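In this text the structure is predicted, and so the values were computed from the model without any measurement.
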Amino acid sequence: MKEFQFIHINEAANEFHLSNQAVSYIFRVDPTTHQLEQLYFGKKIQHRKSFFYLVERENRPANNLYEGNHTSSLEHIKQEYPSFGTTDFRYPAHQIKWPSGDQVTHLEYASYTISKGKPTLEGLPATYVDSKEEAETLTIILKDIYSELEVQLNYTIFSTFSAITRSACFINRGTTTIQLENAMSASVDFPDADFELLHLNGAWARETHVERKALHTGLQSVSSARGASSHAHNPFMALVRPETTELNGEVYGFSLIYSGNFTAQVEVDTYHVTRAMLGINPFRFNWQLNEGDFFQTPEAVLVYSDAGLNGMSQTYHELYRTRLARGRWRDKERPILINNWEATYFDFNEEKILEIARNGAELGMELFVLDDGWFGKRDDDTSSLGDWVEDKTKLSNGIKGLSEKIHQLGLKFGLWFEPEMVSKNTPLHDEHSDWVIGVPGKNISHGRNQFVLDFSRPEVVDSIFQQMDAILHDAQVDYIKWDMNRYISEAYSDALPPEQQGEVYHRYILGVYELYERLITKYPDILFESCAGGGARNDPGMLYYAPQAWASDDTDAVERLKIQYGTSMVYPLSSIGSHVSAVPNHQVGRVTSMDIRSNVAYFGTFGYEMDITTLSDADKESIRHHIQFFKKHRALVQQGTFYRLESPFDGNTVAWMLVSKDQSEALVGYYQILATPNPAYERLKLTGLNPETMYIVEPINQSRYGDDLMAIGLLFADDVTNGIEPTWKFNRHGDFTSNMFYLKSNDSLEDKKWE
Ligand code: DGJ
């Protein structure tokens, strides 16, 4: 028996138990088949010398591996990393095409190693530790019985998070070239199917909507084959018990730290075993492994919660905010920005930009972001991508001159790039038409009139780096908005041989990661915000490089309730790009108050995106007030514990709240979509507070104990106790209304009545 800090190993029985205060993950090596057998994943249980009692076998009709043996069917063993061609008829976690054309691989357990901390994954984003004491990593080595193929399965358990990270590495230790056709990051077999599948789906301007449906027998999945994680789906799914709510019940989350094609798949077999898998989408994927080559899969992060969906989200938030996001901006307060996109689109000059910036500075904003249209001859979306040279007809002093003037106003300066794209009629396209992804001689489709540069080629990445470097080297740039406005449809690289064309999507995203890495290494003070026509690449992979992500091009407050509610399933508020924009809203035409627009945008990285130079004095005054409010609560927003209380997918009211780590303060957002005539009594139960603490609730100036606020809640009835004329205490009259409450502990105060 070997005991490490978080990993217990029964060497005689080959059992592995990873556990911390929250979670247990147990598997063993089946002595008959030498396969890894999943025994338990869930709430932490005490360690036992042996978990043999968790092994389940039934006498079932089956194909068995060994003659004379009737319990060696892998179809009936709950596995950790199933292979094809070894009696399991469910979908495998990996697939290899051997030179003969056969696809039978038989991986058997060989050995294990343990390391303190967590190794990095070369070229790939991944969670990390700041000190070796924070985690332990178990590597299981599997060997194919027919070849020199070795597969390493990595499992990390952290000291504090209710999470296990997994990835796999395929190493060709032989001399024969082989084709890897599928390589999942993780696969887990659960002993039952009493789950619902929850995932995030959508489209441009309505990303990350929450969908939840009961599992059925057979296959169900969400995936992307668009070259990006996509607007349509997010590399995340959760298996949720039917009775689970936001605050109670069991959830298993699966999140992939990856920005390219992915699949999140669940297969329920006829014995109600649920196989959950996550990894690179095998559709259009293959990877050639020559002698000595290895292939490292992205990392999957498996979270267990018995405190409902909020419990799962809080683990992801904390882990991703502190141990996935990196760099100088990780823990720093993020600047309140003003972006010119919806103010000017392509039609601006230096004077207009400075006018916006001047107004922004006066109102208390901190960062001016110059969006699309500053380079080449880009007056609309038909030209100039890839020509990253400032347009002096718009910006007479260039980016350098403009950045200096913005700094003189006391603002930081941010700049938009779309590094992965090229327009026709640019020097880049004229010189290197073969740098475009697409099949020579066949049609190459455009998206927003633009073409995708072949980032699978290092020379292409290098050339874009040189262009960006020239700008960044000269100008004072504090922030970059990295956009990406179309998908890859004809995945083909001129630089790869036919048998490696299945590598294009993955090589492409590795190229994107490489460019990010080079830029953040050379410019560590720049704050990056990832963006992809809104939320088409709002995934954990991007968070490793850019601690913020533009959640959606849809800035309408009502739509944003859904988008931000869904995004918060996985992503911390410190990463959710959220702006106040003009009305009528440019995406949906809706008119909402400045208050609700702010009250929604507060729950993210707060900013503005409108022509603030034309606003009325009253609007400017409210902006000034909102900015002061956000500055006061910014630390709580960025680092507090977030709870979703009422879902926009369920009803007419939406609520969420943040509680500081020491429970001394909280911020509650309560929103009503449509006005209700003659409404029923309404209450909002809060959560996460200290039951013993007396809180002052502003702006209603009510003092209430934490237990009272959590058991009874905030009461929304208008006050008619003093007469028949109601005093409208709350903003509930009219459509699209909102109320913000700030709770501050004040234990010294005696219980007070309404004032
Ligand atoms: C799409 C982004 O999501 C927008 O915010 C804006 O930057 C435009 N692209 C610019 O073309």
Side-chain angles (χ1 to χ4, degrees), residues 327-329 332 334-341 343-361 365-379 383-423 426-428 461-484 515-531 545-548 550 577 607-609:
R328 299 201 179 149
W329 282 99
K332 270 219 250 181
R334 307 291 166 68
I336 298 172
L337 69 80
I338 168 76
N339 176 305
N340 73 307
W341 178 240
T344 65
Y345 294 103
F346 296 100
D347 184 16
F348 58 81
N349 55 27
E350 188 185 272
E351 205 182 318
K352 178 70 191 171
I353 293 300
L354 288 173
E355 200 192 349
I356 296 176
R358 208 171 295 116
N359 276 264
M365 296 165 191
E366 298 160 322
L367 161 68
F368 175 83
V369 179
L370 180 60
D371 212 281
D372 195 354
W374 58 266
F375 49 90
K377 294 182 190 57
R378 189 155 162 100
D379 296 326
S383 78
S384 304
L385 294 168
D387 185 11
W388 299 108
V389 176
E390 62 256 292
D391 179 356
K392 289 262 173 93
T393 60
K394 286 183 185 171
L395 304 172
S396 43
N397 295 295
I399 291 295
K400 183 173 187 298
L402 178 65
S403 70
E404 284 163 7
K405 290 186 181 181
I406 300 274
H407 276 106
Q408 280 158 17
L409 293 172
L411 294 175
K412 293 183 185 303
F413 177 69
L415 197 57
W416 180 97
F417 284 96
E418 195 174 358
E420 300 150 69
M421 300 294 155
V422 68
S423 309
T426 51
L428 185 68
V461 173
D462 189 56
S463 139
I464 296 299
F465 174 79
Q466 300 304 340
Q467 283 206 53
M468 292 177 78
D469 191 30
I471 298 275
L472 302 177
H473 184 263
D474 271 2
Q476 296 178 28
V477 179
D478 308 288
Y479 162 108
I480 287 179
K481 178 177 176 185
W482 178 318
D483 208 344
M484 195 284 290
L515 182 56
Y516 260 114
E517 193 67 44
R518 285 180 72 178
L519 289 167
I520 61 174
T521 305
K522 181 145 188 199
Y523 299 100
D525 288 323
I526 292 183
L527 169 62
F528 282 81
E529 178 152 346
S530 72
C531 168
Y545 307 94
Q548 300 185 182
W550 182 224
Y608 289 82
E609 181 152 353

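For the ring-ring contact (aromatic ring centres under 6.0 Å, His included) test, residues two or more places apart in sequence or in another chain that qualify with Phe346 are Trp341. The side chain to side chain contact (heavy atoms under 4.5 Å, CB included) search around Lys522 returns Phe465, Asp469, not counting sequence neighbours. The salt bridge (charged side-chain N to carboxylate O under 4.0 Å, His left out) test applied to Arg358 returns no partner, not counting sequence neighbours. Residues passing the side-chain hydrogen bond (donor to acceptor under 3.5 Å, both in side chains) test with Gln466 are Asp462, sequence neighbours excluded. Scored by the salt bridge (charged side-chain N to carboxylate O under 4.0 Å, His left out) test, Asp347 finds no partners at all (sequence neighbours excluded). Annotation: ring-ring contact (aromatic ring centres under 6.0 Å, His included) contacts of Tyr516 (sequence neighbours excluded): Trp482, Phe528, Tyr545. In this view, Ala343 and Ile356, Asp611 satisfy the side chain to side chain contact (heavy atoms under 4.5 Å, CB included) rule, not counting sequence neighbours. In this view, Asp474 and Lys400 satisfy the side chain to side chain contact (heavy atoms under 4.5 Å, CB included) rule, not counting sequence neighbours. Lys405 meets the salt bridge (charged side-chain N to carboxylate O under 4.0 Å, His left out) test with Glu350; sequence neighbours excluded. Residues forming a side-chain hydrogen bond (donor to acceptor under 3.5 Å, both in side chains) with Glu366 (at least two apart in sequence, or on another chain): Arg634. Residues passing the side-chain hydrogen bond (donor to acceptor under 3.5 Å, both in side chains) test with Asp391 are Thr393, sequence neighbours excluded.
The list of ring-ring contact (aromatic ring centres under 6.0 Å, His included) pairs with a residue in residues 389-421, not counting sequence neighbours, reads Trp374-Phe417, Phe375-Trp416, Trp388-Phe417.
Using a 4.5 Å heavy-atom cutoff, the side chains of Leu428 and Leu385 are not in contact.
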